[in-house]
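Take a look at the structure below.
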Amino acid sequence: MRFATWNVNSLKVRLPQVLQWLADTQTEVLCLQELKIDQPSFPLAELEAAGYRAAWFGQKTYNGVAILVRQPFSLDDVVCGMPDYDDEQRRVIAATVNGIRVICAYFVNGEAVDSPKYQYKLTWLAQLERYIASELQQHSQLLLLGDYNIAPDDKDVCDPDGWRGKVLCSAPEREAFQRLIALGLSDSFRLFNQEWRQFTWWDYRALMFRRNMGMRIDHILISDALKPRAIACEIDKAPRKLLRPSDHVPVTLTLAD
DNA sequence: ATGGCGTGTGAAACACGA
């Protein structure tokens with residue numbers, strides 16, 4: 001069973017690519033971020049026609065997240081946002097799929113370490129840590145998938161010295177990532193691949209994709225109880241080569257049945 | 001040093017991303 005995450009940077013623009021990718025890969029669970037559409041505009045009919053069910057938490061212009069599941073799988077106990085954290089920005093959605101708690105998150109970008117948005121990012125990360133700790137108490141089998149906007153290690157950055165201390169790489173962000181790990185989670189990609197420069201995002205500008213100047217900021221964390229079932233975790237760079245691509249590509253985790 | 005591209009809003013120029 002495969003679980004994937006993809007920041008699509010506008011579901012309206014990227015829907016044909018999402019449908020094609022699902023048809024090609026037959027992925028069972030796909031978490032999407034940056035829908036950039038309000039709740040009523042979600043393309044449910046098109047996704048249902050492709051054989052998928054969906055739960056989504058939309059927001060006009062910014063943010064917005066969704067979980068798609070291939071039938072006959074279904075979404076149970078859907079929760080939008082983080083309980084006990086009142087946030088206007090719609091960045092989190094959770095559901096139980098085939099006994100696994102799936103949490104889809106679009107982490108705050110933060111803009112720059114001296115920006116008020118960075119302070120919001122640190123607050124949001126603390127709230128997420130509290131939320132995930134609570135979810136783990138109820139669901140030992142858990143996945144946290146999404147656009148983390150954190151490059152956890154120098155290995156995950158095209159120019160580690162140039163980025164040192166900057167947003168996405170700063171010590172407080174990396175410490176927040178490690179606090180999630182300390183809850184009893186593993187970076188599933190690093191269970192299988194120790195290489196440098198394995199990126200999931202490349203800036204649209206300056207031919208960054210062609211030069212492989214990117215960052216690994218999209219992740220799938222897997223709980224200790226689920227880890228023995230992990231078979232593979234792979235980055236699919238193919239959609240970045242299409243016309244009008246998202247700047248992020250999908251990451252897929254395969255679990256044994 | 002700055003912005004370089006792409007998307008949304010709304011109908012030009014700006015906000016935002018990372």
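Naming convention: chains lettered A, B, ... in sequence-line order (proteins, then strands); numbering from 1 in each chain. Just so it is clear, the structure is predicted and the values come from calculations on it, not from any experiment.
Of the P atoms belonging to B:dA1 and B:dA13, the separation is 28 Å, rounded to the nearest Å. On the C1' atoms, B:dA12 is 14 Å away from B:dG8, given to the nearest whole Å. Taking atom P in both B:dC14 and B:dA18, one finds a spacing of 22 Å when rounded to whole Å. Across the P atoms, B:dG10 and B:dC16 are found 14 Å apart, a figure rounded to whole Å. One P atom belongs to B:dT2, the other to B:dG6, and the distance between them is 23 Å to the nearest Å.
Taking A:Asp156 as the reference, A:Arg190, A:Arg216 meet the salt bridge (charged side-chain N to carboxylate O under 4.0 Å, His left out) condition, with sequence neighbours excluded. Every side-chain contact (heavy atoms from CB on, under 4.5 Å) that A:Ala176 has, sequence neighbours left out, goes to A:Leu125, A:Arg179. Judged as a side-chain contact (heavy atoms from CB on, under 4.5 Å), and not counting sequence neighbours, the contacts of A:Lys12 are A:Ser10, A:Ile37. Applying the salt bridge (charged side-chain N to carboxylate O under 4.0 Å, His left out) criterion to A:Glu46, with sequence neighbours excluded, gives no partner residue. When the salt bridge (charged side-chain N to carboxylate O under 4.0 Å, His left out) test is applied to A:Glu135, the partners found at least two apart in sequence or on another chain are A:Arg101. Remark: A:Arg164 engages A:Asp154, A:Asp161 in a side-chain hydrogen bond (donor to acceptor under 3.5 Å, both in side chains) (not counting sequence neighbours). In this view, A:Val97 and A:Met1, A:Val29, A:Val69, A:Phe73, A:Leu75, A:Val102 satisfy the side-chain contact (heavy atoms from CB on, under 4.5 Å) rule, not counting sequence neighbours. For A:Arg205, the side-chain contact (heavy atoms from CB on, under 4.5 Å) criterion is met by A:Asp203, not counting sequence neighbours.
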Per-pair distances, 0.1 Å, donor-acceptor, side chain in residues 59-66 of chain A, under 3.5 Å, sequence neighbours excluded:
from, atom 1, to, atom 2, distance (Å)
A:Gln59, OE1, A:Asn63, ND2, 3.3
A:Gln59, OE1, A:Arg90, N, 2.8
A:Asn63, OD1, A:Arg91, NH2, 3.3

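If you find the closest nucleotide of DNA chain B to A:Ile37 and to A:Ala206, the one lying nearer the 5' end belongs to A:Ala206.
Using a 4.0 Å cut-off on heavy atoms, the residues of residues 149-174 of chain A that approach DNA chain B are A:Asn149, A:Leu168, listed by number. Using a 4.0 Å cut-off on heavy atoms, the residues of residues 105-117 of chain A that approach DNA chain B are A:Tyr106, A:Asn109, A:Lys117, listed by number.
Within the 4.5 Å cutoff, no side-chain heavy atoms of A:Trp124 are placed close to those of A:Gln89.
Within the nucleic acid shown, A:Asp218 has no heavy atom closer than 4.0 Å to any nucleic acid atom. Residue A:Asn7 is in sugar-phosphate contact alone, with no base atom involved, counting any heavy-atom pair closer than 4.0 Å across all strands shown.
Residue A:Phe177 holds its CZ atom at 9.0 Å from CG of A:Leu185, rounded to the nearest 0.5 Å.
Here chain A contacts DNA chain B (any atom closer than 4.0 Å to a heavy atom, that is under 4.0 Å), and the contacts span B:dG4 to B:dA18 from 5' to 3'.
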